[in-house]
Number of protein chains: 2
Amino acid sequence: MSRILVVDDEKDIVELVSLHLQREGHEVVSVGNGLAVLPMAVKTAPDLIVLDIMLPGIDGVQVHRRLRADTRTRHIPVIMLTARAQTNDRIAGLESGADDYLTKPFSPRELMLRIGAVLRRSQKVVMLAEQRIGEFLLDRKNMSLSINGKLIELTITELKLITTLMANPDVIHSRSELLSAVWGYADDTHSRTLDTHIKRLRDKLGDHGRHIGTLRRQGYLFQSTVQELADSDA
Amino acid sequence: MSRILVVDDEKDIVELVSLHLQREGHEVVSVGNGLAVLPMAVKTAPDLIVLDIMLPGIDGVQVHRRLRADTRTRHIPVIMLTARAQTNDRIAGLESGADDYLTKPFSPRELMLRIGAVLRRSQKVVMLAEQRIGEFLLDRKNMSLSINGKLIELTITELKLITTLMANPDVIHSRSELLSAVWGYADDTHSRTLDTHIKRLRDKLGDHGRHIGTLRRQGYLFQSTVQELADSDA
DNA sequence: GCTACACGTGACAAATTCGTCACCATTCGC
DNA sequence: GCGAATGGTGACGAATTTGTCACGTGTAGC
(Lines give C-alpha, C1' and ligand atoms only; values in the text may rest on other atoms or scores of the structure.)
Protein backbone atom coordinates (compact mmCIF):
# COMPACT_ATOMS: atom_id res chain seq x y z
CA MET A 1 0.00 0.00 0.00
CA SER A 2 1.95 3.04 1.23
CA ARG A 3 5.21 3.49 3.05
CA ILE A 4 5.02 5.59 6.21
CA LEU A 5 7.93 7.03 8.13
CA VAL A 6 7.11 7.29 11.84
CA VAL A 7 9.32 9.63 13.84
CA ASP A 8 9.05 9.48 17.64
CA ASP A 9 11.45 8.74 20.48
CA GLU A 10 8.71 7.12 22.57
CA LYS A 11 9.02 3.48 21.67
CA ASP A 12 5.52 2.55 22.77
CA ILE A 13 4.04 5.21 20.48
CA VAL A 14 6.08 3.91 17.57
CA GLU A 15 5.00 0.33 18.23
CA LEU A 16 1.35 1.24 18.64
CA VAL A 17 1.23 3.32 15.47
CA SER A 18 3.24 0.76 13.52
CA LEU A 19 0.90 -2.00 14.56
CA HIS A 20 -2.14 -0.13 13.34
CA LEU A 21 -0.49 0.93 10.10
CA GLN A 22 0.73 -2.56 9.30
CA ARG A 23 -2.70 -3.93 10.06
CA GLU A 24 -3.98 -1.67 7.30
CA GLY A 25 -1.36 -3.00 4.92
CA HIS A 26 1.10 -0.09 5.05
CA GLU A 27 4.82 -0.50 5.28
CA VAL A 28 6.38 1.26 8.29
CA VAL A 29 9.85 2.69 8.76
CA SER A 30 10.74 4.41 12.00
CA VAL A 31 13.42 6.57 13.56
CA GLY A 32 13.61 8.08 17.04
CA ASN A 33 16.13 10.88 16.58
CA GLY A 34 15.61 14.17 14.76
CA LEU A 35 18.95 14.03 13.03
CA ALA A 36 18.17 10.70 11.42
CA VAL A 37 14.93 11.78 9.73
CA LEU A 38 16.17 13.48 6.59
CA PRO A 39 18.66 10.74 5.62
CA MET A 40 16.03 8.06 6.23
CA ALA A 41 13.42 10.00 4.25
CA VAL A 42 15.83 10.36 1.34
CA LYS A 43 16.75 6.70 1.50
CA THR A 44 13.28 5.21 1.83
CA ALA A 45 11.17 7.80 -0.03
CA PRO A 46 8.09 7.40 2.19
CA ASP A 47 4.62 8.39 1.03
CA LEU A 48 3.97 10.18 4.32
CA ILE A 49 5.83 11.13 7.48
CA VAL A 50 4.35 11.11 10.99
CA LEU A 51 6.60 13.52 12.87
CA ASP A 52 6.69 14.18 16.59
CA ILE A 53 7.73 17.62 17.82
CA MET A 54 9.68 16.56 20.85
CA LEU A 55 12.75 14.78 19.57
CA PRO A 56 16.32 14.26 20.70
CA GLY A 57 18.88 15.69 18.39
CA ILE A 58 16.94 18.40 16.62
CA ASP A 59 13.27 19.03 17.27
CA GLY A 60 10.42 18.25 14.91
CA VAL A 61 9.98 21.84 13.74
CA GLN A 62 13.58 21.96 12.60
CA VAL A 63 13.24 18.56 10.99
CA HIS A 64 10.17 19.78 9.15
CA ARG A 65 12.02 22.81 7.86
CA ARG A 66 14.81 20.65 6.55
CA LEU A 67 12.41 18.29 4.84
CA ARG A 68 10.73 21.20 3.10
CA ALA A 69 14.03 22.75 2.07
CA ASP A 70 15.30 19.61 0.38
CA THR A 71 14.04 19.01 -3.15
CA ARG A 72 14.16 15.27 -2.53
CA THR A 73 11.70 15.38 0.36
CA ARG A 74 9.73 18.59 0.07
CA HIS A 75 6.84 16.86 -1.61
CA ILE A 76 6.32 14.31 1.16
CA PRO A 77 3.22 15.09 3.25
CA VAL A 78 3.83 15.44 6.98
CA ILE A 79 1.52 14.89 9.94
CA MET A 80 2.91 16.45 13.09
CA LEU A 81 2.29 15.14 16.58
CA THR A 82 2.12 17.95 19.09
CA ALA A 83 1.95 17.97 22.89
CA ARG A 84 -0.89 19.73 24.65
CA ALA A 85 1.63 22.04 26.32
CA GLN A 86 2.50 23.72 23.01
CA THR A 87 1.53 27.39 22.93
CA ASN A 88 -1.13 28.53 20.51
CA ASP A 89 1.08 30.58 18.22
CA ARG A 90 3.48 27.71 18.00
CA ILE A 91 0.65 25.43 16.90
CA ALA A 92 -0.43 28.03 14.35
CA GLY A 93 3.09 27.95 12.95
CA LEU A 94 2.91 24.22 12.63
CA GLU A 95 -0.47 24.27 11.02
CA SER A 96 0.77 26.57 8.29
CA GLY A 97 3.42 24.13 7.22
CA ALA A 98 2.33 20.61 8.02
CA ASP A 99 -0.28 18.78 6.09
CA ASP A 100 -2.07 17.89 9.30
CA TYR A 101 -1.42 17.69 13.01
CA LEU A 102 -2.61 15.74 15.99
CA THR A 103 -2.32 16.43 19.69
CA LYS A 104 -0.94 13.82 22.10
CA PRO A 105 -2.41 11.80 23.57
CA PHE A 106 -4.36 10.73 20.48
CA SER A 107 -6.41 7.72 19.56
CA PRO A 108 -4.70 5.46 17.02
CA ARG A 109 -7.97 5.39 15.14
CA GLU A 110 -7.91 9.15 14.78
CA LEU A 111 -4.38 9.02 13.46
CA MET A 112 -5.28 6.33 10.94
CA LEU A 113 -8.12 8.44 9.66
CA ARG A 114 -5.86 11.45 9.34
CA ILE A 115 -3.20 9.41 7.55
CA GLY A 116 -5.79 8.03 5.16
CA ALA A 117 -7.10 11.50 4.39
CA VAL A 118 -3.67 13.00 3.81
CA LEU A 119 -2.60 10.08 1.61
CA ARG A 120 -5.70 10.38 -0.51
CA ARG A 121 -5.17 14.09 -0.95
CA SER A 122 -1.57 13.63 -2.01
CA GLN A 123 -1.96 10.78 -4.49
CA LYS A 124 -0.41 11.72 -7.75
CA VAL A 125 -2.62 11.42 -10.77
CA VAL A 126 -0.66 10.45 -13.84
CA MET A 127 -1.52 10.12 -17.44
CA LEU A 128 0.21 8.92 -20.56
CA ALA A 129 2.64 11.45 -21.97
CA GLU A 130 2.01 9.96 -25.40
CA GLN A 131 -1.09 8.16 -26.52
CA ARG A 132 -1.10 6.21 -29.75
CA ILE A 133 -4.39 5.15 -31.31
CA GLY A 134 -4.02 3.63 -34.74
CA GLU A 135 -2.35 6.28 -36.87
CA PHE A 136 -2.94 9.03 -34.32
CA LEU A 137 -0.28 10.09 -31.84
CA LEU A 138 -1.36 12.52 -29.16
CA ASP A 139 1.72 13.98 -27.47
CA ARG A 140 0.41 15.57 -24.29
CA LYS A 141 3.82 16.69 -23.16
CA ASN A 142 4.36 18.83 -26.22
CA MET A 143 0.68 19.55 -26.79
CA SER A 144 0.69 18.23 -30.32
CA LEU A 145 -1.07 15.74 -32.55
CA SER A 146 0.49 13.73 -35.33
CA ILE A 147 -0.99 11.36 -37.88
CA ASN A 148 1.41 8.83 -39.36
CA GLY A 149 4.29 10.92 -38.10
CA LYS A 150 2.98 14.09 -39.71
CA LEU A 151 2.33 17.00 -37.36
CA ILE A 152 -1.19 18.40 -37.56
CA GLU A 153 -1.27 22.11 -36.82
CA LEU A 154 -4.15 22.72 -34.44
CA THR A 155 -5.41 25.75 -32.58
CA ILE A 156 -5.62 25.45 -28.81
CA THR A 157 -9.38 25.01 -29.05
CA GLU A 158 -9.04 22.19 -31.55
CA LEU A 159 -6.30 20.60 -29.46
CA LYS A 160 -8.44 20.65 -26.33
CA LEU A 161 -11.30 19.16 -28.33
CA ILE A 162 -9.34 16.23 -29.76
CA THR A 163 -7.61 15.68 -26.42
CA THR A 164 -10.94 15.40 -24.66
CA LEU A 165 -12.26 12.98 -27.29
CA MET A 166 -9.13 10.82 -27.31
CA ALA A 167 -8.98 10.67 -23.51
CA ASN A 168 -11.79 8.13 -23.78
CA PRO A 169 -11.74 6.64 -27.27
CA ASP A 170 -14.84 4.89 -28.57
CA VAL A 171 -16.88 6.46 -25.79
CA ILE A 172 -19.61 9.00 -26.49
CA HIS A 173 -18.92 12.49 -25.19
CA SER A 174 -22.07 14.55 -24.88
CA ARG A 175 -22.25 18.04 -26.32
CA SER A 176 -22.46 19.53 -22.88
CA GLU A 177 -19.46 17.53 -21.72
CA LEU A 178 -17.36 18.82 -24.60
CA LEU A 179 -18.56 22.38 -24.16
CA SER A 180 -17.74 22.21 -20.50
CA ALA A 181 -14.29 20.71 -21.01
CA VAL A 182 -13.24 23.04 -23.83
CA TRP A 183 -15.29 26.22 -23.34
CA GLY A 184 -16.12 26.07 -19.65
CA TYR A 185 -19.88 26.21 -20.11
CA ALA A 186 -22.39 23.50 -20.91
CA ASP A 187 -25.32 25.17 -22.64
CA ASP A 188 -25.23 25.87 -26.35
CA THR A 189 -28.84 26.66 -27.06
CA HIS A 190 -29.10 28.17 -30.51
CA SER A 191 -25.39 28.19 -31.17
CA ARG A 192 -23.29 26.27 -33.70
CA THR A 193 -20.01 26.87 -31.96
CA LEU A 194 -19.23 23.26 -31.13
CA ASP A 195 -20.34 22.01 -34.55
CA THR A 196 -18.19 24.57 -36.29
CA HIS A 197 -15.12 23.54 -34.35
CA ILE A 198 -15.79 19.87 -34.95
CA LYS A 199 -15.95 20.58 -38.67
CA ARG A 200 -12.73 22.56 -38.58
CA LEU A 201 -11.03 19.78 -36.70
CA ARG A 202 -12.29 17.15 -39.14
CA ASP A 203 -11.08 19.27 -42.06
CA LYS A 204 -7.60 19.51 -40.56
CA LEU A 205 -7.52 15.75 -40.07
CA GLY A 206 -8.34 15.19 -43.72
CA ASP A 207 -9.34 11.59 -44.48
CA HIS A 208 -8.77 10.74 -40.86
CA GLY A 209 -11.53 13.14 -39.90
CA ARG A 210 -13.81 10.13 -40.22
CA HIS A 211 -12.48 9.01 -36.84
CA ILE A 212 -14.63 11.68 -35.27
CA GLY A 213 -18.11 10.29 -35.29
CA THR A 214 -21.47 11.95 -34.63
CA LEU A 215 -24.15 10.20 -32.64
CA ARG A 216 -27.30 12.13 -33.20
CA ARG A 217 -28.90 13.48 -30.08
CA GLN A 218 -26.07 12.01 -27.99
CA GLY A 219 -22.79 13.70 -28.90
CA TYR A 220 -19.48 12.91 -30.55
CA LEU A 221 -16.83 10.23 -30.16
CA PHE A 222 -13.33 9.41 -31.30
CA GLN A 223 -13.36 6.02 -33.05
CA SER A 224 -10.19 3.97 -32.77
CA THR A 225 -11.11 2.14 -35.93
CA VAL A 226 -13.35 3.16 -38.79
CA GLN A 227 -14.92 1.14 -41.56
CA GLU A 228 -12.88 1.08 -44.73
CA LEU A 229 -14.63 2.80 -47.59
CA ALA A 230 -16.62 0.02 -49.22
CA ASP A 231 -15.95 -0.07 -52.93
CA SER A 232 -18.30 -2.97 -53.50
CA ASP A 233 -21.93 -3.11 -52.49
CA ALA A 234 -21.79 0.33 -50.87
CA MET B 1 10.26 -5.08 -12.23
CA SER B 2 7.70 -6.42 -14.71
CA ARG B 3 5.00 -9.05 -14.54
CA ILE B 4 5.16 -11.72 -17.25
CA LEU B 5 2.43 -14.21 -18.11
CA VAL B 6 3.95 -17.46 -19.43
CA VAL B 7 1.56 -19.69 -21.35
CA ASP B 8 2.76 -23.22 -22.16
CA ASP B 9 1.48 -26.70 -21.37
CA GLU B 10 5.02 -28.09 -21.19
CA LYS B 11 5.86 -27.79 -17.53
CA ASP B 12 9.63 -27.91 -18.05
CA ILE B 13 9.46 -24.99 -20.45
CA VAL B 14 7.43 -23.01 -17.94
CA GLU B 15 9.85 -23.79 -15.14
CA LEU B 16 12.90 -22.97 -17.22
CA VAL B 17 11.54 -19.68 -18.45
CA SER B 18 10.20 -18.75 -15.02
CA LEU B 19 13.56 -19.42 -13.45
CA HIS B 20 15.34 -17.11 -15.85
CA LEU B 21 12.73 -14.38 -15.57
CA GLN B 22 12.70 -14.46 -11.79
CA ARG B 23 16.48 -14.34 -11.76
CA GLU B 24 16.16 -11.04 -13.62
CA GLY B 25 13.73 -9.74 -11.02
CA HIS B 26 10.49 -10.21 -12.96
CA GLU B 27 7.32 -11.59 -11.50
CA VAL B 28 5.99 -14.66 -13.31
CA VAL B 29 2.43 -15.93 -13.65
CA SER B 30 1.76 -19.05 -15.67
CA VAL B 31 -1.09 -21.04 -17.19
CA GLY B 32 -1.02 -24.17 -19.32
CA ASN B 33 -4.40 -24.11 -20.99
CA GLY B 34 -5.54 -21.80 -23.78
CA LEU B 35 -8.91 -21.15 -22.21
CA ALA B 36 -7.35 -19.83 -19.04
CA VAL B 37 -5.22 -17.16 -20.65
CA LEU B 38 -7.67 -14.32 -21.12
CA PRO B 39 -9.15 -14.49 -17.62
CA MET B 40 -5.67 -14.65 -16.11
CA ALA B 41 -4.47 -11.75 -18.25
CA VAL B 42 -7.45 -9.66 -17.17
CA LYS B 43 -6.92 -10.57 -13.55
CA THR B 44 -3.18 -10.05 -13.33
CA ALA B 45 -2.64 -7.33 -15.95
CA PRO B 46 0.80 -8.57 -17.05
CA ASP B 47 3.31 -6.33 -18.78
CA LEU B 48 3.99 -9.00 -21.40
CA ILE B 49 2.69 -12.42 -22.40
CA VAL B 50 4.84 -15.30 -23.64
CA LEU B 51 2.39 -17.44 -25.58
CA ASP B 52 2.92 -20.90 -27.01
CA ILE B 53 1.00 -21.91 -30.16
CA MET B 54 0.33 -25.50 -29.22
CA LEU B 55 -2.09 -25.42 -26.32
CA PRO B 56 -4.83 -27.65 -24.99
CA GLY B 57 -8.23 -26.00 -24.98
CA ILE B 58 -7.88 -23.39 -27.71
CA ASP B 59 -4.62 -22.86 -29.57
CA GLY B 60 -2.30 -19.90 -29.25
CA VAL B 61 -3.51 -18.18 -32.40
CA GLN B 62 -7.06 -18.12 -31.12
CA VAL B 63 -5.87 -16.94 -27.74
CA HIS B 64 -3.97 -14.14 -29.39
CA ARG B 65 -7.05 -13.05 -31.32
CA ARG B 66 -9.06 -12.92 -28.16
CA LEU B 67 -6.43 -10.91 -26.34
CA ARG B 68 -6.37 -8.37 -29.15
CA ALA B 69 -10.15 -8.16 -29.31
CA ASP B 70 -10.55 -7.36 -25.64
CA THR B 71 -10.01 -3.74 -24.67
CA ARG B 72 -8.63 -4.83 -21.33
CA THR B 73 -5.78 -6.84 -22.87
CA ARG B 74 -5.25 -5.57 -26.38
CA HIS B 75 -2.38 -3.32 -25.31
CA ILE B 76 -0.35 -6.15 -23.75
CA PRO B 77 2.63 -7.12 -25.90
CA VAL B 78 2.80 -10.79 -26.89
CA ILE B 79 5.79 -12.97 -27.75
CA MET B 80 4.70 -16.17 -29.49
CA LEU B 81 6.53 -19.47 -29.27
CA THR B 82 6.25 -21.43 -32.46
CA ALA B 83 7.29 -24.99 -33.37
CA ARG B 84 9.63 -25.59 -36.26
CA ALA B 85 6.91 -27.61 -37.95
CA GLN B 86 4.76 -24.53 -38.51
CA THR B 87 4.28 -23.72 -42.18
CA ASN B 88 5.68 -20.50 -43.52
CA ASP B 89 2.39 -18.75 -44.20
CA ARG B 90 1.25 -19.59 -40.74
CA ILE B 91 4.37 -18.02 -39.32
CA ALA B 92 3.80 -14.96 -41.48
CA GLY B 93 0.32 -14.68 -40.01
CA LEU B 94 1.80 -14.78 -36.54
CA GLU B 95 4.45 -12.24 -37.30
CA SER B 96 1.87 -9.72 -38.42
CA GLY B 97 0.11 -9.82 -35.10
CA ALA B 98 2.56 -10.68 -32.37
CA ASP B 99 5.12 -8.29 -31.06
CA ASP B 100 7.80 -10.92 -31.51
CA TYR B 101 8.13 -14.66 -31.98
CA LEU B 102 10.61 -17.40 -31.23
CA THR B 103 10.97 -20.91 -32.60
CA LYS B 104 11.22 -23.92 -30.32
CA PRO B 105 13.61 -25.15 -29.23
CA PHE B 106 15.05 -21.80 -28.16
CA SER B 107 17.78 -20.75 -25.82
CA PRO B 108 16.49 -19.12 -22.65
CA ARG B 109 19.05 -16.40 -23.16
CA GLU B 110 17.54 -15.57 -26.53
CA LEU B 111 14.07 -15.37 -25.01
CA MET B 112 15.28 -13.09 -22.24
CA LEU B 113 16.79 -10.72 -24.79
CA ARG B 114 13.57 -10.70 -26.79
CA ILE B 115 11.50 -10.06 -23.67
CA GLY B 116 13.79 -7.22 -22.67
CA ALA B 117 13.54 -5.62 -26.10
CA VAL B 118 9.74 -5.88 -26.27
CA LEU B 119 9.34 -4.51 -22.74
CA ARG B 120 11.53 -1.55 -23.50
CA ARG B 121 9.59 -0.80 -26.65
CA SER B 122 6.28 -0.93 -24.85
CA GLN B 123 7.06 1.05 -21.72
CA LYS B 124 4.51 3.74 -21.25
CA VAL B 125 5.86 7.15 -20.47
CA VAL B 126 3.68 8.89 -17.94
CA MET B 127 3.66 12.30 -16.43
CA LEU B 128 1.79 14.06 -13.70
CA ALA B 129 -1.66 15.14 -14.79
CA GLU B 130 -1.44 17.95 -12.25
CA GLN B 131 1.70 19.54 -10.96
CA ARG B 132 1.59 21.82 -7.96
CA ILE B 133 4.51 24.11 -7.21
CA GLY B 134 3.83 26.55 -4.42
CA GLU B 135 0.83 28.58 -5.50
CA PHE B 136 1.03 27.35 -9.09
CA LEU B 137 -1.11 24.49 -10.35
CA LEU B 138 -0.32 23.25 -13.84
CA ASP B 139 -3.16 21.05 -15.07
CA ARG B 140 -1.74 19.21 -18.05
CA LYS B 141 -4.92 17.27 -18.65
CA ASN B 142 -6.97 20.39 -19.22
CA MET B 143 -4.07 22.46 -20.51
CA SER B 144 -4.52 25.18 -17.94
CA LEU B 145 -2.59 27.07 -15.28
CA SER B 146 -4.00 28.34 -12.01
CA ILE B 147 -2.47 30.42 -9.26
CA ASN B 148 -4.10 30.10 -5.85
CA GLY B 149 -7.13 28.53 -7.50
CA LYS B 150 -7.50 31.37 -10.00
CA LEU B 151 -7.33 30.40 -13.66
CA ILE B 152 -4.74 32.28 -15.67
CA GLU B 153 -5.80 32.74 -19.27
CA LEU B 154 -2.83 31.90 -21.45
CA THR B 155 -2.33 31.63 -25.18
CA ILE B 156 -1.06 28.28 -26.47
CA THR B 157 2.42 29.75 -26.87
CA GLU B 158 2.47 31.03 -23.31
CA LEU B 159 1.14 27.71 -22.07
CA LYS B 160 3.84 25.75 -23.87
CA LEU B 161 6.42 28.13 -22.45
CA ILE B 162 5.37 27.81 -18.81
CA THR B 163 4.87 24.07 -19.23
CA THR B 164 8.40 23.67 -20.49
CA LEU B 165 9.78 25.77 -17.63
CA MET B 166 7.75 23.99 -14.94
CA ALA B 167 8.65 20.55 -16.28
CA ASN B 168 12.01 21.09 -14.59
CA PRO B 169 11.59 23.70 -11.89
CA ASP B 170 14.65 25.49 -10.57
CA VAL B 171 16.65 24.27 -13.55
CA ILE B 172 18.00 26.63 -16.19
CA HIS B 173 16.46 26.26 -19.62
CA SER B 174 18.63 27.75 -22.35
CA ARG B 175 17.16 30.10 -24.92
CA SER B 176 17.70 27.58 -27.67
CA GLU B 177 16.03 24.87 -25.62
CA LEU B 178 12.94 27.01 -25.09
CA LEU B 179 12.83 28.09 -28.72
CA SER B 180 13.13 24.51 -29.83
CA ALA B 181 10.43 23.25 -27.46
CA VAL B 182 7.92 26.02 -28.15
CA TRP B 183 8.73 27.26 -31.67
CA GLY B 184 10.48 24.29 -33.19
CA TYR B 185 13.70 26.13 -34.02
CA ALA B 186 16.70 26.99 -31.93
CA ASP B 187 18.27 30.07 -33.45
CA ASP B 188 16.97 33.51 -32.58
CA THR B 189 19.70 35.72 -33.93
CA HIS B 190 18.47 39.28 -34.07
CA SER B 191 15.01 38.52 -32.79
CA ARG B 192 13.24 39.40 -29.55
CA THR B 193 10.51 36.84 -29.93
CA LEU B 194 11.33 34.76 -26.89
CA ASP B 195 11.89 37.81 -24.71
CA THR B 196 8.59 39.27 -25.74
CA HIS B 197 6.72 36.12 -24.86
CA ILE B 198 8.50 35.82 -21.54
CA LYS B 199 7.41 39.38 -20.74
CA ARG B 200 3.84 38.67 -21.74
CA LEU B 201 3.82 35.58 -19.60
CA ARG B 202 5.26 37.44 -16.61
CA ASP B 203 2.67 40.16 -17.07
CA LYS B 204 -0.15 37.63 -17.02
CA LEU B 205 1.25 36.06 -13.86
CA GLY B 206 1.24 39.44 -12.12
CA ASP B 207 3.22 39.43 -8.86
CA HIS B 208 3.94 35.76 -9.42
CA GLY B 209 5.81 36.65 -12.59
CA ARG B 210 8.85 36.88 -10.35
CA HIS B 211 8.93 33.10 -10.37
CA ILE B 212 10.30 33.28 -13.88
CA GLY B 213 13.91 34.18 -13.48
CA THR B 214 16.49 35.36 -16.02
CA LEU B 215 20.03 34.10 -15.91
CA ARG B 216 22.00 36.32 -18.17
CA ARG B 217 23.77 34.55 -21.00
CA GLN B 218 22.32 31.22 -19.81
CA GLY B 219 18.53 31.31 -20.15
CA TYR B 220 15.42 31.31 -18.00
CA LEU B 221 14.11 29.19 -15.16
CA PHE B 222 10.98 28.66 -13.12
CA GLN B 223 11.78 29.22 -9.45
CA SER B 224 9.74 27.20 -6.98
CA THR B 225 10.41 29.79 -4.33
CA VAL B 226 11.33 33.43 -4.65
CA GLN B 227 12.75 35.89 -2.18
CA GLU B 228 10.14 37.95 -0.40
CA LEU B 229 10.32 41.62 -1.31
CA ALA B 230 12.67 43.04 1.26
CA ASP B 231 11.08 46.12 2.89
CA SER B 232 14.10 46.79 5.04
CA ASP B 233 17.66 47.25 3.78
CA ALA B 234 16.57 46.60 0.19
C1' DG C 1 -44.16 11.11 -47.45
C1' DC C 2 -43.95 15.01 -44.44
C1' DT C 3 -42.29 17.70 -40.73
C1' DA C 4 -39.52 19.02 -37.01
C1' DC C 5 -35.29 18.76 -35.11
C1' DA C 6 -30.31 18.05 -35.07
C1' DC C 7 -26.16 18.66 -37.22
C1' DG C 8 -23.14 20.42 -41.20
C1' DT C 9 -21.50 24.34 -43.83
C1' DG C 10 -19.64 28.67 -45.58
C1' DA C 11 -19.02 33.31 -44.64
C1' DC C 12 -18.34 37.28 -41.85
C1' DA C 13 -16.41 40.47 -38.54
C1' DA C 14 -14.45 41.19 -34.12
C1' DA C 15 -11.00 39.83 -31.17
C1' DT C 16 -6.80 37.85 -30.28
C1' DT C 17 -2.31 36.19 -31.18
C1' DC C 18 2.02 36.55 -32.99
C1' DG C 19 6.50 38.05 -34.63
C1' DT C 20 9.08 41.92 -35.46
C1' DC C 21 11.59 45.99 -34.36
C1' DA C 22 13.32 50.37 -32.55
C1' DC C 23 14.70 51.84 -28.47
C1' DC C 24 15.82 51.49 -23.56
C1' DA C 25 17.91 49.30 -19.43
C1' DT C 26 21.11 46.31 -17.35
C1' DT C 27 25.20 43.65 -16.91
C1' DC C 28 29.79 42.29 -17.53
C1' DG C 29 34.47 42.52 -19.08
C1' DC C 30 38.27 45.36 -20.05
C1' DG D 1 34.16 54.37 -16.38
C1' DC D 2 33.11 52.87 -20.97
C1' DG D 3 31.48 50.04 -24.53
C1' DA D 4 29.53 45.91 -26.18
C1' DA D 5 26.42 42.37 -25.47
C1' DT D 6 22.25 40.84 -23.57
C1' DG D 7 17.67 41.15 -22.10
C1' DG D 8 13.27 44.21 -21.35
C1' DT D 9 9.65 47.09 -23.32
C1' DG D 10 5.92 49.16 -25.94
C1' DA D 11 3.92 49.50 -30.25
C1' DC D 12 2.59 48.02 -34.77
C1' DG D 13 0.44 45.43 -38.42
C1' DA D 14 -0.34 40.97 -40.47
C1' DA D 15 -2.17 36.66 -39.69
C1' DT D 16 -4.94 33.71 -37.24
C1' DT D 17 -8.57 32.36 -34.25
C1' DT D 18 -13.04 32.56 -32.67
C1' DG D 19 -17.99 32.73 -32.17
C1' DT D 20 -22.02 33.68 -34.55
C1' DC D 21 -25.53 33.01 -37.89
C1' DA D 22 -28.28 32.10 -42.02
C1' DC D 23 -29.09 28.46 -44.64
C1' DG D 24 -28.62 23.65 -46.22
C1' DT D 25 -28.65 18.67 -45.35
C1' DG D 26 -29.76 14.55 -42.99
C1' DT D 27 -32.44 11.83 -39.79
C1' DA D 28 -36.10 10.08 -37.08
C1' DG D 29 -40.77 9.87 -35.77
C1' DC D 30 -45.49 10.10 -37.00
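Reminder, nothing fancy here: chain letters follow the sequence lines and each chain counts from 1.
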Inset, instruction - Identify whether the distance between the nearest side-chain nitrogen and carboxylate oxygen of A:Asp47 and A:Arg3 falls below 4.0 Å. - result: no

Inset, instruction - Answer yes or no: is there an ion pair linking B:Arg68 with B:Asp99, defined by an N-O contact shorter than 4.0 Å? - result: yes

Legend entry - Short side-chain N/O contact to C:dA6 OP1/OP2 from A:Tyr220, under 4.0 Å: no

Inset, instruction - Between A:Arg216 and A:Lys204, name the one whose nearest nucleotide on DNA chain D is closer to the 5' end. - result: A:Lys204

Inset, instruction - Have a look at A:Arg200 and say if it touches a base, only the backbone sugar-phosphate, or nothing, with a 4.0 Å heavy-atom cut-off. - result: base

Inset, instruction - Return the nearest nucleotide to the side chain of A:Arg202; candidates are D:dG7, C:dG8, D:dC21. - result: C:dG8

Inset, instruction - Please tell me which of the listed nucleotides, C:dG19, D:dT20, C:dC7, lies nearest to the side chain of B:Trp183? - result: C:dG19

Inset, instruction - Inspect the contact between B:Lys204 and B:Glu158 and indicate whether a charged nitrogen and a carboxylate oxygen are less than 4.0 angstrom apart. - result: yes

Legend entry - Distance in Å, B:Phe222 CZ paired with B:Leu201 CG, rounded so as to fall on 0.5 Å steps: 9.5 Å

Inset, instruction - Answer yes or no: does a side-chain N or O of A:Lys199 lie under 4.0 Å from OP1 or OP2 of C:dG10? - result: yes

Inset, instruction - Check the angle between the aromatic planes of A:His208 and A:His211 and answer parallel, tilted or perpendicular using the 30° and 60° thresholds. - result: parallel

Legend entry - Any B:Val50 side-chain heavy atom under 4.5 Å of B:Leu5 side chain: no

Inset, instruction - With the side chain of B:Thr193 defined as its heavy atoms from C-beta on, choose the nearest nucleotide among D:dT20, D:dT9, C:dT20. - result: C:dT20

Legend entry - Members of residues 151-160 of chain B that approach DNA chain C, where some heavy atom sits under 4.0 Å away: B:Thr155, B:Ile156, B:Thr157

Legend entry - Ion pair check, A:Arg192 and A:Asp195, cut-off under 4.0 Å: yes

Inset, instruction - Spell out yes or no: do the side chain of A:Arg217 and the base of D:dT27 have one donor N/O and one acceptor N/O closer than 3.5 Å? - result: no

Inset, instruction - Test for a donor-acceptor pair under 3.5 Å between the base of C:dG8 and the side chain of A:Arg192, counting only N and O atoms. - result: yes

Legend entry - Side chains of B:Arg202 and B:Thr214, donor plus acceptor under 3.5 Å: yes

Inset, instruction - Measure from the ring center of B:His173 to the ring center of B:Tyr220 and say whether it is less than 6.0 Å. - result: no

Legend entry - Bending between helix ends of the helix from C:dG1-D:dC30 to C:dC30-D:dG1 [5 pairs per end, 10° resolution]: 40°

Inset, instruction - Ignoring backbone atoms, test whether A:Ser191 places a side-chain nitrogen or oxygen under 4.0 Å from the OP1 or OP2 oxygen of D:dT20. - result: yes

Legend entry - Nearest to side-chain heavy atoms of B:Asp195, which nucleotide of C:dC7, D:dG7, C:dG10: D:dG7

